[in-house]
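Okay, structure first, notes after.
Both backbone and side-chain heavy atoms feed into the values below; hydrogens, waters and symmetry mates do not. By convention here, the first residue in the shown sequence is residue 1.
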Amino acid sequence: MGGGTFISNFRLYTLRDGSKRIIKLKEGESFKEELQRAGIQETQIFQIQLMEKPE
């Protein structure tokens, strides 16, 4: 029983209105599908950051 730490990748979207959305990345998902799942449009995005978090 190994208790290894798993790392997940997330994307942090900072929107033009100053709000932020964090979404967990799914393997094989397109950028458009990711935006749709996050409920945002590309024109709303000010900045995107890739993050790693242990689970």
Side-chain angles (χ1 to χ4, degrees):
M1 272 202 216
T5 301
F6 293 96
I7 302 290
S8 291
N9 290 320
F10 292 80
R11 221 180 300 266
L12 170 63
Y13 291 96
T14 303
L15 305 182
R16 294 184 185 276
D17 67 3
S19 64
K20 296 182 187 243
R21 302 266 175 90
I22 297 176
I23 189 162
K24 186 175 180 178
L25 300 183
K26 289 186 175 181
E27 190 173 332
E29 184 175 54
S30 73
F31 183 65
K32 279 190 171 190
E33 290 169 332
E34 184 179 308
L35 290 181
Q36 189 173 31
R37 190 164 50 95
I40 58 178
Q41 295 178 356
E42 196 169 345
T43 57
Q44 295 175 287
I45 300 169
F46 174 70
Q47 180 177 315
I48 303 173
Q49 291 177 281
L50 184 61
M51 303 169 38
E52 291 182 339
K53 285 181 158 181
E55 284 194 35

**OP:** To the nearest 0.5 Å, tell me how far R21 CZ sits from I48 CD1.
**Re:** 13.0 Å

**OP:** Carefully, step by step, assess E42 and F31 under the rule side chain to side chain contact (heavy atoms under 4.5 Å, CB included).
**Re:** CA-CA 10 Å; E42 196 169 345; F31 183 65; 4.1 Å; yes

Original post:
side chain to side chain contact (heavy atoms under 4.5 Å, CB included) with E33: which residues, sequence neighbours excluded?
Top reply: E29, S30

Subject >> Partners passing side chain to side chain contact (heavy atoms under 4.5 Å, CB included) against E27 (at least two apart in sequence or in another chain) >> reply: none

Original post:
salt bridge (Lys or Arg N to Asp or Glu O under 4.0 Å) with K24: which residues, sequence neighbours excluded?
Top reply: E55

Subject >> CZ (F10) with more than 12 external heavy atoms under 6.0 Å >> reply: yes

Original post:
Say you draw a straight line from CE of M51 to CG of L25; how long is it, rounded to the nearest 0.5 Å?
Top reply: 10.5 Å

Subject >> Minimum heavy-atom distance between I23 and E34, given as atom pair plus value >> reply: CD1-O, 3.7 Å

Original post:
To the nearest 0.5 Å, how far apart are CD in Q47 and OG1 in T14?
Top reply: 5.0 Å

**OP:** Drop me the distance from Q41's CD to I45's CD1, to the nearest 0.5 angstrom.
**Re:** 10.0 Å

